[in-house]
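Chain naming here is simple, since letters A, B, ... match the order of the sequence lines and numbering starts at 1 in each.
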Amino acid sequence: VENVWLLDRLSSKKAALGTLYLTATHVIFVENGSETRKETWVLHSQISSIEKQPTTATGCPLLIRCKNFQVIQLVIPQERDCHDIYISLIRLARPVKYEELYCFSFNPKLDKEEREQGWKLVDLSEEYNRMGIPNNYWQISDVNRDYGVCDSYPTEVYVPKSATAHIIVGSSKFRSRRRFPALSYYCKDNNASICRSSQPLSGFSARCLEDEQMLQAIRKANPGSDFIYVVDTRPKLNAMANRAAGKGYENEDNYSNIKFQFIGIENIHVMRNSLQKMLEVCELKSPSMSDFLWGLENSGWLKHIKAIMDAGIFIAKAVAEEGVSVLVHCSDGWDRTAQVCSVASLLLDPYYRTMKGFMVLIEKDWVSFGHKFNHRYGNLDGDPKEISPVIDQFIECVWQLMEQFPCAFEFNERFLIHIQHHIYSCQFGNFLCNSQKERRELRIQERTYSLWAHLWKNRADYLNPLYRSDHSQTQGTLHPQMAPCNFLYKFWSGMYNRFEKGLHPRQSITDYLMAVKEETQQLEEELEVLRARLANLQKSQLNDNSVKSKQEDRSKRLGLFPSNNSLANTPQEYSNDLKSFPSRSPSQGDEEDSALILTQDNLKSSDPDLSANSDQESGVEDLSCRSSSGGGCLPSEDSGKDSDEAVFLAV
Amino acid sequence: MEFAELIKTPRADNVVLHRPFYLAVEGTLCLTGHHLIFSSRRQDNAEELWLLHSNIDSIEKRFVGSLGTIIIKCKDLRIIQLDIPGMEECLNIASSIEALSTLDSVTLMYPFFYRPMFEILEDGWRSFLPDQEFELLSSVTDDWRLSCINKEFSVCPSYPPVVIVPKSIDDEALRKVATFRHGSRFPVLSYYHKKNGMVMMRSSQPLTGTNGRRCKEDEKLINATLRPGKRGYIIDTRSLNVAQQARAKGGGFEQEAHYPQWRRIHKCIERFNILQESLIKLVEACNDQSHNMDRWLSKLEASNWLTHIKEILTAACLAAQCIDREGASVLVHGTEGTDSTLQVTSLAQIILDPRCRTIRGFESLVVREWLQAGHPFQQRCAQSAYSNSKQKWEAPVFLLFLDCVWQILRQFPCSFEFNEQFLILLFEHSYASQFGTFLGNNENERSKLKLPQKTMSLWSWVNRSEELSKFQNPLFEANSLVIWPSVAPQSLQLWEGVFLRWNRPSKFLDEAQEEMINIIKYNKELQAKVNALRRQLAEMETDDRMQENL
């Protein structure tokens with residue numbers, strides 16, 4: 001469809017005229033104008049809602065909200081076209097079969113072997129080995145090998161050695177969806193562990209001997225402690241209400257040596273509404289400070305984030321400081337339990353704060369234990385009441401921790417944002433379906449690619465420049481502050497206003513430091529070369545054979561610095577050259593917003609799928625961005641100005 | 001008066017000091033004329049705490065049996081608690097502190113007694129003189145002149161002796177204009193934008209009154225800053241409503257009819273006790289120990305602090321935008337022209353002028369736009385967030401300005417030569433200091449107090465390389481451009497470095513800062529090494545070539 005307007009939320013002046021394309025996988029908007037062919041690509045699977053608004057004189061407005069918090073406002077001249085687009089998008093955004101999803105057609109041009117290697121990057125049995133398991137207390141159980149006991153659990157489950165198959169099966173019958181207690185994290189140093197399960201089917205008085213034995217076995221697997229904590233992450237009221245349905249929580253009298261604890265994290269419906277409310281605040285047009293803060297508070301979002309974090313802190317403390325094992329559950333044990341277990345693991349074990357470790361963590365606590373990705377993130381058309389930002393909240397918890405411990409994580413904010421993006425994008429197979437069983441049936445690993453390999457390949461983009469593996473913050477358990485007066489839970493504009501670049505800091509410390517580090521590395525290499533050359537030269541001067549070695553050296557250097565091949569020999573020119581070092585120039589460049597462009601570029605080139613579906617296309621986009629900035633007149637600089645103007649001049 | 005008279009108990013032993021995030025320490029408390037000194041006698045962690053009496057905002061005492069407790073709340077927002085055995089000692093100490101922290105005579109303040117322990121390389125009192133500023137200006141334009149009309153502070157008591165005014169306006173006209181402006185603060189040059197020759201001026205409100213008085217000289221003066229056929233903007237920092245009400249008290253605003261070339265824009269920046277109350281509420285919220293996230297946000301909202309930040313920044317951006325984007329000259333004023341006016345003019349310069357983002361440039365800005373421009377520091381910073389006095393003239397105007405600078409710094413972390421610590425330093429010293437810089441309410445008072453002769457300037461101390469290095473931003477790379485901050489609520493944050501400073505352990509953030517410094521330091525070292533090697537190589541190669549040519 002031609003002559004479509006793409007509106008800018010912040011400024012009416014900035015609307016762009018262009019052509020809208022619908023493909024099998026993307027909505028693409030291409031701006032008119034020969035020089036800057038700006039393109040906006042949106043994956044169908046990212047579309048969260050489409051809204052047709054009343055026709056105005058200029059055309060028919062269409063509002064597309066995305067799951068990665070992008071909001072796109074289009075005005076289409078013909079109502080008929082608009083209606084057609086609307087109908088097609090509704091259909092395209094809600095596929096009914098897994099096979100319709102993008103990951104089955106996405107082809108990053110890797111051969112079979114590379115794909116298989118990619119899937120092997122994260123290996124959970126290796127991870128349990130890393131924790132020190134199997135050992136004297138814990139073993140791998142094959143009781144669920146054909147998903148015979150619990151279809152939402154993985155085939156390989158780690159349980160206490162004293163828990164026989166009989167106990168496991170017995171316990172599973174007493175637990176919602178048969179999700180029996182299984183090991184999530186084991187602390188080598190003191191034998192304390194984090195186990196997870198679903199709620200017991202205790203009703204008002206039911207008991208189960210095997211389940212009691214199961215908990216006993218968990219306690220015994222930690223000889224240093226004479227009790228275990230059972231943490232129910234639900235508000236007490238919710239848990240009590242469940243008793244009427246024959247479910248509920250553990251009765252301390254029936255289980256010997258447990259300490260029972262409620263931690264009130266709200267259910268998926270409350271969280272969904274909370275996010276909804278917060279996004280409404282984000283979408284407000286030029287809100288006042290009060291509107292914003294009041295709306296943020298009213299959404300309750302940060303309160304929920306804090307509740308999850310507090311639960312994680314409680315468990316980490318029990319394990320690390322008290323040396324007590326913890327059994328965590330909620331209702332089904334696949335949402336709040338996953339959040340809390342993974343936050344606790346992250347606090348406890350520095351490994352999970354590395355890039356690889358974080359992938360492992362998500363794979364362990366979320367993917368393998370049957371977090372219902374398909375239902376929660378609406379990959380296939382389904383019950384809207386099942387949708388909830390469960391893993392988004394976990395990702396935000398990580399970000400909040402990064403704000404508090406800037407040196408503790410190997411990865412940066414961009415890493416989190418891209419993971420969030422791909423949980424919804426369905427471009428990679430990792431997060432498809434609701435359980436391992438379904439994924440195996442679909443032969444995901446043979447038919448799709450792994451996100452982890454993709455992120456790993458581009459890991460340079462996701463590094464936190466402040467991370468050092470020998471830094472004190474990267475050792476041992478993190479002890480976050482809990483009270484708001486000690487540490488503020490902040491609104492994450494980098495995530496929820498991700499596409500409104502104007503709101504973000506205009507210069508990125510991370511990018512700056514990364515460029516410095518990159519330069520440092522090149523300098524180190526150059527220093528080596530220079531030293532060698534100097535030695536060479538000294539030798540050759542002795543040998544009176546200088547001409548030859550000089551030529552050799554020159555070619556060597558050119559090889560090392562392909563981007564700097566105009567490198568001159570005099571020191572002055574060198575320092576000039578340093579000034580125009582490609583990755584650093586923006587911070588001292590012609591326009592302050594060029595820094596902004598750089599980050600956009602990074603985002604695109606490191607993750608082509610954000611706006612385009614192949615490297616080639618993102619390359620084109622990169623070029624257009626660069627060439628326009630080279631031209632001296634920066635579109636985005638102007639846009640920044642415009643949007644600001646709109647704000648300031650609202651007299 | 002002797003301080004000894006006020007000190008009833010100069011020393012108390014076995015005092016226990018409590019501070020957040022530190023273990024309680026036992027030690028000795030000493031009172032001197034200007035300091036409260038606590039020193040712990042324990043050998044393993046001997047430490048001393050020196051607190052200026054003038055930093056004490058309020059003190060509370062409590063008794064449990066014969067054990068007295070004094071809670072001291074400071075103007076830099078810190079709270080400490082001292083347990084003092086003995087009812088009488090405790091009462092004596094409390095009343096001494098109270099008396100010493102509320103001395104009413106300026107000349108008894110510490111700066112008059114302070115003797116510097118460092119070598120003075122540069123007299124800060126002479127570091128930023130108007131003549132130097134004018135010299136810079138005259139190198140780019142000769143439309144302006146330095147007027148000594150206010151030499152004896154005879155025309156305007158709150159202006160400095162020399163001011164920069166349009167060349168075409170003589171002193172006689174200035175005198176007339178002074179009678180037409182509140183507190184005689186006639187329009188003067190605040191900033192000249194080299195890029196396009198546009199200017200920002202500041203003044204106080206015109207005294208139009210209810211019957212619409214006008215002053216031809218005033219009109220002439222501000223019109224003299226316009227290019228032929230161009231329009232200018234008057235930014236009134238009050239809402240239209242407030243400006244209209246001001247007429248009843250003899251004040252007012254520029255009527256369109258008399259100033260046809262000017263477009264007036266009203267912005268609403270709060271003043272006085274509204275700001276002070278906002279600060280009190282904010283600090284109360286920040287000190288609340290409860291664990292509830294919800295109440296925190298509503299308290300933050302109710303304090304309105306960030307709303308004030310947003311308003312001030314928006315007005316400053318507007319002024320900058322008029323100058324840089326619209327190519328128009330701007331006149332900024334509110335009522336007196338000593339508070340919100342200065343916030344706007346100084347922030348606009350930070351946005352427009354890269355020089356103001358350097359350490360020296362920023363110091364110069366503070367001197368020009370705050371100290372010389374007559375912001376009444378002594379009145380405004382008499383008390384801080386814990387005061388009970390509620391005097392109308394107390395207001396965190398300067399702190400709000402610093403907070404706004406911090407907001408811009410956060411958005412442009414690589415464009416400032418100074419770091420957050422530098423801003424915090426200025427906040428501290430504006431409320432309590434060993435230096436005379438922020439004493440007095442204007443240049444007139446400062447000269448009467450003979451501050452340059454009798455006290456040390458903050459700039460003398462801070463501009464030495466050993467101090468400066470603490471305030472340097474490792475990420476700084478000169479950015480010659482206009483920097484446009486975002487004023488959206490999502491982009492503005494609570495300044496934790498000030499408001500949560502004493503309530504949070506800063507270890508992890510400090511470590512991050514240190515890490516940054518190290519990364520950049522290492523890079524610079526390598527650069528130097530590589531450069532040296534290159535030079536050496538180049539020399540050897542030339543030698544070689546010369547040999548070949550031979």
Side-chain angles (χ1 to χ4, degrees), chain A residues 287-290 292-294 296-297 302-303 306 404-407 465-466 473 481-489 491 493 497 502-503 505-507 509 512-513 516-517 519-520 523-524 526-527 530-531 533-534 537 546 550 569-571 574 578 587-588 591-592 640-641 644-645 647-648 651, chain B residues 265 286-289 291 293-294 296-298 300-301 306-307 310 314 317-318 321 325 410-415 475 477-479 481 483-484 486-491 493-494 496 500 503-504 508-509 511-512 515-516 519-520 522-523 526-527 529-531 533-538 540-541 544:
Chain A
S288 73
M289 205 71 221
S290 296
F292 177 72
L293 289 174
W294 192 85
L296 189 58
E297 150 141 15
L302 290 175
K303 185 182 75 182
K306 185 178 181 326
Q404 199 174 152
F405 301 97
C407 309
L466 296 174
Q473 284 184 37
Q481 296 293 321
M482 292 175 80
C485 73
N486 302 137
F487 176 72
L488 294 181
Y489 286 83
F491 171 73
S493 67
N497 283 112
L503 299 179
R506 307 303 170 91
Q507 294 172 324
I509 296 178
Y512 180 86
L513 288 176
V516 170
K517 276 192 134 178
E519 192 194 72
T520 302
L523 282 170
E524 273 171 348
E526 192 185 358
L527 198 65
L530 284 174
R531 279 197 179 128
R533 213 176 125 202
L534 194 69
L537 202 63
S546 57
K550 217 173 4 182
N569 269 328
T570 62
Y574 172 69
L578 255 188
S587 48
Q588 56 185 8
E591 289 286 357
E592 66 281 5
K641 181 206 105 195
D644 289 349
E645 231 165 283
V647 179
F648 306 140
V651 187
Chain B
I265 302 174
C286 291
N287 287 336
D288 181 5
Q289 295 293 328
H291 286 222
M293 192 65 216
D294 252 22
W296 157 251
L297 278 173
S298 60
L300 180 63
E301 193 267 315
L306 288 171
T307 302
K310 187 174 191 294
T314 307
C317 289
L318 174 71
Q321 192 190 333
R325 298 284 162 168
R410 208 189 64 81
Q411 295 187 26
F412 294 90
C414 307
S415 298
L475 306 175
E477 295 224 350
N479 176 354
L481 301 155
I483 53 175
W484 300 105
S486 160
V487 296
Q490 289 97 320
S491 310
Q493 287 188 0
L494 178 76
E496 296 177 31
L500 298 183
N503 294 336
R504 58 162 193 188
F508 306 119
L509 302 178
E511 282 172 354
E515 201 60 31
M516 258 179 229
I519 290 171
I520 286 160
Y522 180 55
N523 177 277
L526 274 182
Q527 271 180 24
K529 269 189 205 161
V530 167
N531 276 340
L533 269 185
R534 283 182 160 278
R535 212 171 294 127
Q536 200 182 341
L537 269 172
M540 286 178 74
E541 278 171 1
D544 254 18

Next item on the list: Report the distance from atom CG of L466(A) to atom CD of E515(B), rounding to the nearest 0.5 Å.
Entry: 6.5 Å
Next item on the list: Considering only heavy atoms and a distance below 4.5 Å, find which of L475(B), L300(B), L533(B), L509(B) pairs most often with chain A.
Entry: L475(B)
Check: Excluding sequence neighbours, so at least two apart, what forms salt bridge (charged side-chain N to carboxylate O under 4.0 Å, His left out) with E301(B)?
Finding: none
Checklist line | Side-chain donor or acceptor of R506(A) paired with backbone N/O of W484(B) under 3.5 Å | finding: yes
Next item on the list: Check whether any side-chain heavy atom of L488(A) lies under 4.5 Å from a side-chain heavy atom of W296(B), and answer yes or no.
Entry: yes
Item checked: Most contacts with chain B, counted as non-hydrogen pairs under 4.5 angstrom, among L296(A), L302(A), L527(A) -> L527(A)
Check: Taking all non-hydrogen atoms of both residues, which atom of C407(A) and which atom of A512(B) are closest, and how far apart?
Finding: SG-CA, 3.5 Å
Margin query: Report which part of S290(A) has an atom under 4.5 Å of a heavy atom belonging to chain B: side chain, backbone, both, or neither.
Written below: both
Next item on the list: For T307(B) and M289(A), indicate whether the former's side chain and the latter's backbone hold a donor-acceptor pair under 3.5 Å.
Entry: no
Notebook entry, point to check: Hey, what do you get for CZ (R531(A)) to CG (L537(B)), rounding to the nearest 0.5 Å?
Noted result: 12.0 Å
Next item on the list: Report the distance from atom CD1 of I519(B) to atom CD of E519(A), rounding to the nearest 0.5 Å.
Entry: 13.0 Å
Check: Hey, are Q507(A) and Q411(B) close enough side-chain-wise for a donor-acceptor pair under 3.5 Å?
Finding: no
Item checked: E524(A) portion near chain B, given a 4.5 angstrom heavy-atom threshold -> both
Notebook entry, point to check: Looking only at atom types and distance, does a side-chain atom of Q473(A) sit under 3.5 Å from a main-chain N or O of F508(B), one as donor and one as acceptor?
Noted result: yes
Notebook entry, point to check: Any side-chain heavy-atom pair from L534(A) and M540(B) closer than 4.5 angstrom?
Noted result: yes
Check: How long is the gap from CZ on F491(A) to CD on Q490(B), to the nearest 0.5 Å?
Finding: 5.5 Å
Note to self: Any non-hydrogen side-chain atom of I509(A) less than 4.5 Å from a side-chain atom of M516(B)?
What the structure shows: yes
Item checked: Minimal non-hydrogen separation, I520(B) against L513(A), with atom names -> CD1-CD2, 3.9 Å
Check: Rounded to the nearest 0.5 Å, what separation is found between the CD atom of Q536(B) and the CG atom of L530(A)?
Finding: 10.0 Å
Check: Relative to chain A, which of Q493(B), E511(B), K529(B) shows the most heavy atom pairs under 4.5 Å?
Finding: E511(B)
Checklist line | Pairwise distance CH2(W294(A)) to CG(L297(B)) - rounded to 0.5 angstrom | finding: 12.5 Å
Margin query: Please give me the minimum heavy-atom distance between V516(A) and N523(B), naming the atom from each residue.
Written below: O-ND2, 3.2 Å
Notebook entry, point to check: Do E477(B) and Y512(A) come within less than 4.5 Å of each other through their side chains, counting heavy atoms only?
Noted result: yes
Next item on the list: Specify the closest pair of heavy atoms between S486(B) and G502(A), including all atoms of both residues, with the distance to one decimal.
Entry: CB-O, 3.2 Å
